[in-house]
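Take a look at the structure below.
All chains are named by letter (A, B, ...) in the order of the sequence lines, taking the proteins before the strands, and each is independently numbered beginning at 1. Heavy-atom basis, side chains included; hydrogens, waters and symmetry copies ignored. What you are looking at is a predicted structure, and each value in this text was computed from that prediction instead of being measured.
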2 protein chains.
Amino acid sequence: MAEKVTIATVARHARVSRQTVSNVLNAPHIVRQETRQRVEDAINALGYRANQAARQMRTGRSRLIAARIDPTRDGINGSVLDRFLHGLTETADAAGYRVLLYTATDDDREIATYGDLLGTYELDAFVLVGTKYGDPRTEWLADRDVPFVTFGRPWDALDAHPWVDVDGAAGTAQATRRLLDAGHRRIAFIGWPEGSGVGDDRRAGWRDALRAAGVDPTGLHRETEDGIAEGERLMRDLLLAVAPSAVVCASDSLALGALQAIRGIDPPVAVIGFDDTPVAAAVGLTSVSQPLGDAAARCVDLLTGVLDGDHETPTPVLLQPSLALRHTA
Amino acid sequence: MAEKVTIATVARHARVSRQTVSNVLNAPHIVRQETRQRVEDAINALGYRANQAARQMRTGRSRLIAARIDPTRDGINGSVLDRFLHGLTETADAAGYRVLLYTATDDDREIATYGDLLGTYELDAFVLVGTKYGDPRTEWLADRDVPFVTFGRPWDALDAHPWVDVDGAAGTAQATRRLLDAGHRRIAFIGWPEGSGVGDDRRAGWRDALRAAGVDPTGLHRETEDGIAEGERLMRDLLLAVAPSAVVCASDSLALGALQAIRGIDPPVAVIGFDDTPVAAAVGLTSVSQPLGDAAARCVDLLTGVLDGDHETPTPVLLQPSLALRHTA
DNA sequence: TCCAGAAACTTGAACGATCCAATCCTGCCT
DNA sequence: AGGCAGGATTGGATCGTTCAAGTTTCTGGA
């Protein structure tokens, strides 16, 4: 069994002091070129890696970022988180950080977990996915000056914190415009009950795009909780009430339900979903696609900005979604 | 800002020495009841949490488990990993461990990452998802005595290591028997090319169930890479060649393709997929469901067994899948 | 040649927990 | 009352790194 290689081993091997080795690692510019080379050679020869625990003890920083992994709720939208987490892991890695997972069943437990993670692991930052009106989690973190980013806007706009989001309104607007361009006029919308930031935003995009084209959106939209059965029910309702020739949905679940409701109708009713989930790809559903890899990368950017001493509050990032065209629209 | 609460703070508050506090945490039985109570009260009052970095430095153990998060490949099977990771996080948490994510694009990089994680973070163990014939990763880890568990059998059976798996053959056999019970005789199988452990296992379950019922499986199966289009192609082929009344597939992707191929056929051809992905739930596809939460929990069980000093190699775990019945079979 | 000042490098201390060995109680027996 | 055994408690050393302060070496101008 090989001896443990510490900074002292490297120092001895390169005939310098421990501190010089440390400097080569953390502040290379203050070490003379020749010495630096000698130390780097020793590091490579010995396969030395800085022990994170020891470093953390002195600096108080763990180079660990926490992210929550949810129980896949209805299953369909779960893969969004999946893809986001992968992007996060990849980008964090490149920036020298690692992602630690945690779960929680409700806000209180989640906050308790924050305390635990901060106390025992001295986590550097948190990434929160999804935000709601009056989110107690962001408040707790902000009160304690814990760096964090949310993937999702702070809908309160009470106090600003760094965030990254995808412009949902732009997505539904783009979807609506595509349908308008294809000659559709009676374009309906199936969304979530008023009051959720994300849902209202997506509905607004559809409404504004219609108005801009001189179409009155009145009566053309329906609201429900998310779900396939719900989408199917509301689509049937819309068909009877206003006979739309196309529909934009706030989620792929709803869109999938809509697809089932219109089966057999000719000419086919166009359907566009939201999130570009695997299900959409599988059934050929056109859907608004979020740039999740980019979003994750920008989250890491914002965090490293804060962690590496940028004291100014970083500018929020609003990314543009794109339309994954398939055969339903 | 509150002072940092260390073991010394607690000791002062409880009027004992640091060591006594440490004993209360790590070996409670050697501390007198009354003293222990006083120390525990102090811990709660002060909100003390043992600093993991300091503990790790002395003990060499990080209470961190690494798990890989893959880029969602074809998207459909991605959520399996998602659900597994969630289960892992939950169970590990309960056992006092945390899950650290990593990614890698190929085996070599993955192994390099192992070295990095072990060197800098002193990870306690790895969980590998998916194994193949002659997996270099397990060999590397075993050579270095790094504790690890695989979710997936070692198909080589060369040297044993702890593993947890779901009995794929039992799943396809169960699916096949259900179809037999419903009166089907010409039950086809669409699977993956010979040579993958998982694929061969799933095909064997179908074949053996047919034989047990006195049906000759010859000519009733087709092989291809995974994918919806591939499944559709092979199903059309099967329809022309042997006109099956039912088909069992090695994945939901293949089953989804099969579903598209049989659209409009009456009486409908029964289809059963594998993995019970969100897509299956969405389109009403009957599918073999893996107990992913259980599997994750058993992985953690095996690991904690090894980490907490059980020197005997733990027994592998083979879990039974169940059939998620929907309207395609 | 000498010296100031900067640059390069070295040394001792500290982070917070655990381990080890030595000391202090406490209760019990004679 | 004195002595003893055993468990409970204590102080000091330690893990590997970085910080703060100190010392040596180098550079250039008078």
Whole-Å gap separating [atom2] ([N]) and [atom1] ([X]):
X	N	atom1	atom2	result
B:Arg61	C:dG16	CZ	C1'	19 Å
A:Arg15	C:dC9	CZ	C1'	16 Å
B:Gln33	D:dA8	CD	P	12 Å
A:Arg55	D:dT18	CZ	P	5 Å
B:Ile7	D:dG11	CD1	P	14 Å
A:Leu25	D:dG16	CG	P	16 Å
B:Arg18	D:dA13	CZ	P	11 Å
A:Met57	D:dC19	CE	C1'	14 Å

With respect to the side chain of [X], which nucleotide from [options] is positioned closest?
X	options	value
A:Gln19	D:dA8, C:dT11, C:dG16	C:dT11
B:Tyr48	C:dC19, C:dA17, C:dT10	C:dA17
B:Asn23	C:dA17, D:dT9, D:dG16	D:dT9
B:Thr6	C:dA17, D:dG16, C:dC20	C:dA17
B:Thr59	C:dT18, D:dT17, D:dT9	C:dT18
A:Arg32	C:dA17, C:dC9, D:dT18	C:dC9

Between [X] and [Y], does any side-chain N to carboxylate O distance fall below 4.0 Å?
X	Y	answer
A:Asp124	A:Arg63	no
A:Glu122	B:Arg49	no
B:Arg137	B:Glu110	yes

Quick one: the side chain of B:Arg49 and the base of C:dG16, do they pair up donor-acceptor inside 3.5 Å?
no
Along DNA chain D (nearest heavy atom to each residue), the more 5'-positioned of B:Arg38 and B:Arg58
B:Arg38
For A:Ala50, answer base if it contacts any base atom (sugar-phosphate contacts may also be present), sugar-phosphate if it contacts only those atoms, and nothing otherwise; contact means non-hydrogen atoms under 4.0 Å.
sugar-phosphate
With a non-hydrogen cut-off below 4.0 angstrom, is A:Thr20 in contact with a base, only sugar-phosphate, or nothing?
base
Would the distance check show the side chain of B:Gln52 and the main-chain N or O of A:Ala53 forming a donor-acceptor pair, the cut-off being under 3.5 Å?
no
Got a donor-acceptor contact below 3.5 angstrom from the A:Arg38 side chain to the A:Ala14 backbone?
yes
Kindly say if B:Ser17 contacts the phosphate of D:dT9, meaning a side-chain N or O under 4.0 Å from OP1 or OP2.
no
